[in-house]
Amino acid sequence: MATVNIIEAINLALRSEMRRDANMVVLGEDIGRNGGVFRATVGLLDEFGEGRVIDTPLAENLISAMAIGLSTQGVRAVAEIQFSGFMYPCVDQIVNHAARYRNRTRGRITCPLVIRAPNGGGIHAPEHHSESLETTFAQMPGLRVLSPSNPARAYGLLLAAIRDPDPVIFLEPTRCYRLFKQELEDDGEALPLDTAFVDREGDHITLLSWGAMMHDTRLAADALEEEGIRCELIDVASLKPIDMDSILASVAKTGRCVIVQEAAQSYGPASEIAAGLAEHGLMSLFAPVVRVSGYDTIMPLARQERVYIPDVSRIIRGIRRVLEQAPIA
Amino acid sequence: MATVNIIEAINLALRSEMRRDANMVVLGEDIGRNGGVFRATVGLLDEFGEGRVIDTPLAENLISAMAIGLSTQGVRAVAEIQFSGFMYPCVDQIVNHAARYRNRTRGRITCPLVIRAPNGGGIHAPEHHSESLETTFAQMPGLRVLSPSNPARAYGLLLAAIRDPDPVIFLEPTRCYRLFKQELEDDGEALPLDTAFVDREGDHITLLSWGAMMHDTRLAADALEEEGIRCELIDVASLKPIDMDSILASVAKTGRCVIVQEAAQSYGPASEIAAGLAEHGLMSLFAPVVRVSGYDTIMPLARQERVYIPDVSRIIRGIRRVLEQAPIA
Amino acid sequence: MKKSRQAGKTQVASFEVHHCGLLDAQGQALADWPDFAKDHEQLQKMYRVMCETRAIDKKAVALQRTGKLGTYASCLGQEAVGTAIGLAMREEDILIPAYRDYAAQFLRGVPPESTLLYWAGDERSMNFPEGTPSHHDFPFSVPIATHIPHAIGVAYAIKLRSESKVVVATCGDGATSKGDFYEAISSAKVWNLPIVFVVSNNQWAISMPRERQTGAQTIAQKSIAGGLPGEQVDGNDVIATRYVVERALAAARDGEGPRLIEALTYRLHDHTTADDARRYRDEEEVKAAWSRCPIKRLRTWLESDNGWTDADETEMQAACDQKAEAVAEAYLKIEPEPPQAIFDSLYAVLPSALQNQREEVMQAGGTND
Amino acid sequence: MKKSRQAGKTQVASFEVHHCGLLDAQGQALADWPDFAKDHEQLQKMYRVMCETRAIDKKAVALQRTGKLGTYASCLGQEAVGTAIGLAMREEDILIPAYRDYAAQFLRGVPPESTLLYWAGDERSMNFPEGTPSHHDFPFSVPIATHIPHAIGVAYAIKLRSESKVVVATCGDGATSKGDFYEAISSAKVWNLPIVFVVSNNQWAISMPRERQTGAQTIAQKSIAGGLPGEQVDGNDVIATRYVVERALAAARDGEGPRLIEALTYRLHDHTTADDARRYRDEEEVKAAWSRCPIKRLRTWLESDNGWTDADETEMQAACDQKAEAVAEAYLKIEPEPPQAIFDSLYAVLPSALQNQREEVMQAGGTND
Ligand SMILES: Cc1ncc(C[n+]2csc(CCOP(=O)(O)OP(=O)(O)O)c2C)c(N)n1
Ligand SMILES: Cc1ncc(C[n+]2csc(CCOP(=O)(O)OP(=O)(O)O)c2C)c(N)n1
Ligand SMILES: [Mg+2]
Ligand SMILES: [Mg+2]
């Protein structure tokens, strides 16, 4: 039992799986000697050597293509992209190849790979270091997209992603990397894929989020508890596919729903979930679904990033909008 | 007054604007001597010469970057990508540069460019020639995304896109290029941007679509007219931004809504619109919103593409689902 | 480092690009030949493979013209490159081909009817048969050049496992303008990977002539950007092409790392059956190119040196046409795939979220056409 | 075409890469100098620009360390390249810089306080002032190499309008591994565009040493992939660097087309203030690199040949420090931007669909920190 933060949990997951599976490699920029700019791969070079801990040239398109080539040979390739804003050069390879090889060869060639990247803002990083890439990949059939919100899920979902026989995009909550710690058993146990996690039960309103925003959403829920508002807090975690069954079940119970995301509002996971509710859960809704999200602007540079990223007060405002239209009896 | 199909309308728009604006160029693969694989640029090389009709090397990332460079110098760059499935290499340049230069330089550097591509399937084309790229670009703040559904809109919206001072992604309905003709006045008149078009008024149910699916949606509406069901048929046309005001007004009137798209269901424009309804139009809905869309699969090769693409019967089934839950009085 | 007289100028690197040709367009031998080319059997086999490939190619075009096949990309005039690659590779090697390398794919075990099935639009065509080398090869990629960097990962896996396989990754001249091609070239030598890059420079990328595709005088010299050896070969000379590819494979197998080969050839057909090259290409140029046809020159040699008679020729051509017929029949007999198949290879296990959609397709029964 | 004895082998192309140096690390002149370098004024100006840049750079690091600035990328040790570019370019030329070319940007009119404002995280910092050459220059791009192909479009526009401007596009050694860089190199010569590509090879890409970045022996030779002339220069020799850049600019202006210059330099600082190079880089190597510092060698020359005294030095250093102080003060005085500004440059006119969101920000008053 160790007490770890998210970045340590990721490091533990990578190490334990590399020990378990000699067929697994990690690759990316500055992940070897340097241990990764966020230290996610620290120690791996010393333990597993240059062959399995691959410092690549500076080319994300190449990194994703290389991961594809490796994975087609049965090598479990786990690539790190330094920041999710630098994943755009990988889109062609991931969408046109990683997501498709199994389907176009009817199962002959597969791509068991993971591409990890820190995602989202809030750490006063430079330009292009604070983007939210969920939709870029979640829209693509053939892929899975995960975004963990705490150390235990970072550990368990990353293991599940690595062992999954299909390509997985793993978006890590940058600003929560070192925000808090959790007790973690480094037992190599994976968590289930394609599943949302109910973090707190409640019957008044369903709050949905994932990744870094889970933290602020929980704080908002705490604040409302004090007013006697019982929030059901769900970590969506899997953005492709989305576990709509769990979400619909919760909304059937509460009749109210607020979805919190950092990504720009339009075309984000919040919209996909709200659409699912409009099509399959409409009759259980007492009030309109509210999306609390980043604005439809470009992620601002550091000085304005807090204007863009939803904070607890914005989340509470969103919840109140729902409660005003459908007060709790 | 000429009677033209969509591809001819696009050719007319490009020619008339190049005549009007000596600062406009077209660029892309095989657009010069060859006139484009769909003939959209036929005749332009002879009239405007190699300087303004630019056959580029085979590199979409370069084409988009070159269009960006040209546009920053005040050259109106209209790039053709041969098929939308080959736009993925442009994503980095379009998202990280075209969409951002104005914002990051606070207006000093701008990118008045258009990137056109045939979009969608249904013509028995080879692999990767039948994709639907709406979401890839519509999710990105700073961009506009248009998809015309008939010759008049192809002409008027393309002119509007070229004259717009910001980057526009122009997705053309491949399978309708030569499907039908329309009377068109080549008068250089642009249509308004950011606007949906009400093609048919009706008070029973709102049908929303764009691009190639408008054709099948209209056929479905015709079929239902015969049963006395009055459909309000709206061409969304602008997928970024979406004209939600017009859509909400229509749904306020009809209380019923079906959205038809060819793109895979998850994270498509249909979801974005349904989410808008769930958040801002919930109380006017008599029945759940239904999304009739491509499946969440990779676009199949030619022999199965008709399994994937919604046809009139699938659209009608979707409409009936709504009517069953909220019968017309 | 050679100091020059000029102001502070020192030469720090120099490079040469060579061209190799062993059988010229007139069917005359240039210089000495490698052993395989001194063997009549071998020469006739190379000839037969090229002729059979051309017969099947011709049949494919005919099927498309009569509405029995979708858009098809012909390899007319480029048969030598695929033949040379297919014969030079070992079973265990891995081919990451471009779409005009049918000859290589056939030699590796891809059934020609699968190639037709691909252009008809059926994913099963890329599930190459077990028990043949093609089973561990890649299908070609339509997005130009995007498959080239896959070779880096595949070859890295080979090296990681200390296997003695080599990856052959091929593309066209147009493909060499794309970042994917360059990123592979730029990095292959970093790990000294066992890769042979073969570029079929057929002088055209649809309507774009080679001279306007890039400022480079040769495609071979692009290897210099990554510190690889690069060479040109007469790609219509099956003997020289096989010779340089075999040499490159041997070098890679011996740990000497990657190489780039530019095979000079010519696209005698339209780009695809959907294209009309007369719009942009001079008929005269095509006529001239026919005189450099890879099959014609080898036949001339076989006749002059190999005792190949008109009877032999007629017999072999008949056999090739029969083969093409049989391939077409086999292709036309293939049953359609059930509609729900569009879900069944999407993931190892279909996520439950997609079950309803699959159900819907099952009920609708699909609309195969 | 020189025929070789070997089997059918013909040389079809050959290339040389040269290195230019005019002032060595010891401050000794190599060969003859161009006129500008014979002019004391000019030499002292180059020296002053480098020293001032270093003083401002040092100040920026200090501000970051004391929490008054965000992550900052230092140009320590690389001042000569930016200085040479800034002095070689004409006003009307267009600079598409990398993030260590501060000296060039300052010379073009970017106020140093704007550079600090950028690293503080404020978009206004990229709105370079009217009336200065920088007003038509590009801000640097954080996504590595992605700005390089913009030069193709910018230079094409220049050519289309028959203007006599030249584009200077710069990047680092790591950037030359990316497809963006290669696609620009591959196509620049197709239209014979007026572009000078300058690569600051500072031997490192964060923790990746140059040798493992690419298989190419030199970065200069990557130009061969596009048929461009490529040359190496001692990038810590401001005289040689300015000389080769001026020559390349003149050639481009005369219609001779694009060139690639690899400037050999060294990153003396951590990659950025967020990096700790001791994790991956040998202290000894850095010490050795200090002996090749561009400023030190020019000072040695000025003292030996130019009558530069300790008094001159003290006076100039004091002036540089004052300048750096003034820059910091100006920067710290800049008022925050109103929160709704995140909407106000998104489009020429904000679409009505976004008005509500802007309203919300206005009401909330934002939370600038
Ligand atoms: C990324 C991408 N862009 C455009 C196309 C359309 N296209 C198909 S083949 C081709 C030309 C390829 O030329 P080359 O690489 O020389 O191969 P060749 O067809 O001559 O064998 C183009 C532009 C494509 N398939 N992929
Ligand atoms: C596309 C992209 N990938 C990764 C990064 C992170 N990153 C910032 S600088 C850098 C190294 C750049 O090396 P080089 O081009 O040599 O320039 P230098 O920093 O040495 O001046 C990296 C990997 C980035 N900014 N952009
Ligand atoms: Mg070609
Ligand atoms: Mg560097």
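A note on names: the letters A, B, ... follow the listed sequences, proteins ahead of strands, and every chain is numbered from 1.
Side-chain atoms of His136(C) and Gln73(A), non-hydrogen and from C-beta on, never get closer than 4.5 Å to each other. Side-chain contact between Glu183(C) and Pro57(A): absent, with no pair of heavy atoms (C-beta onward) separated by less than 4.5 Å.
Residues of residues 94-106 of chain C that come within less than 4.5 angstrom of chain A, heavy atom to heavy atom, are Ile94(C) in numerical order. Residues of residues 148-156 of chain C lying under 4.5 angstrom from chain A, judged on non-hydrogen atoms, are Pro149(C), His150(C), Ile152(C), Gly153(C), Val154(C), Tyr156(C) by number. Listed by sequence position, Asn96(A), His97(A), Tyr101(A), Arg102(A), Asn103(A), Arg104(A), Thr105(A), Arg106(A), Gly107(A) are the residues of residues 96-107 of chain A in contact with chain C, using a 4.5 angstrom heavy-atom cutoff.
Of all heavy-atom pairs spanning Asp137(C) and Arg108(A), the tightest one is O-NH1, 2.7 Å. Ile109(A) and Pro139(C) get closest at one heavy-atom pair: CD1-CD, 3.7 Å. Of all heavy-atom pairs spanning Thr72(A) and Phe138(C), the tightest one is OG1-CZ, 3.4 Å.
Heavy-atom pairs under 4.5 Å with chain A were tallied for Ala353(C), Gly179(C), Ala341(C); the largest tally goes to Ala341(C). Among the candidates Thr110(A), Ile242(A), Asn61(A), the residue making the largest number of heavy-atom pairs closer than 4.5 Å to chain C is Asn61(A). Of all the listed residues (Ile54(A), Val75(A), Asp92(A)), the one sharing the greatest number of non-hydrogen pairs under 4.5 Å with chain C is Ile54(A).
Looking at Glu60(A), neither its backbone nor its side chain comes within 4.5 Å of chain C, counting heavy atoms on both sides.
Under the side chain to side chain donor-acceptor pair (under 3.5 Å) criterion, Asp344(C) pairs with Arg358(C), sequence neighbours left out.
Of the residues Asp194(A), Leu193(A), Asp166(A), the one that meets the side-chain contact (heavy atoms from CB on, under 4.5 Å) test with Pro351(C) is Asp194(A).
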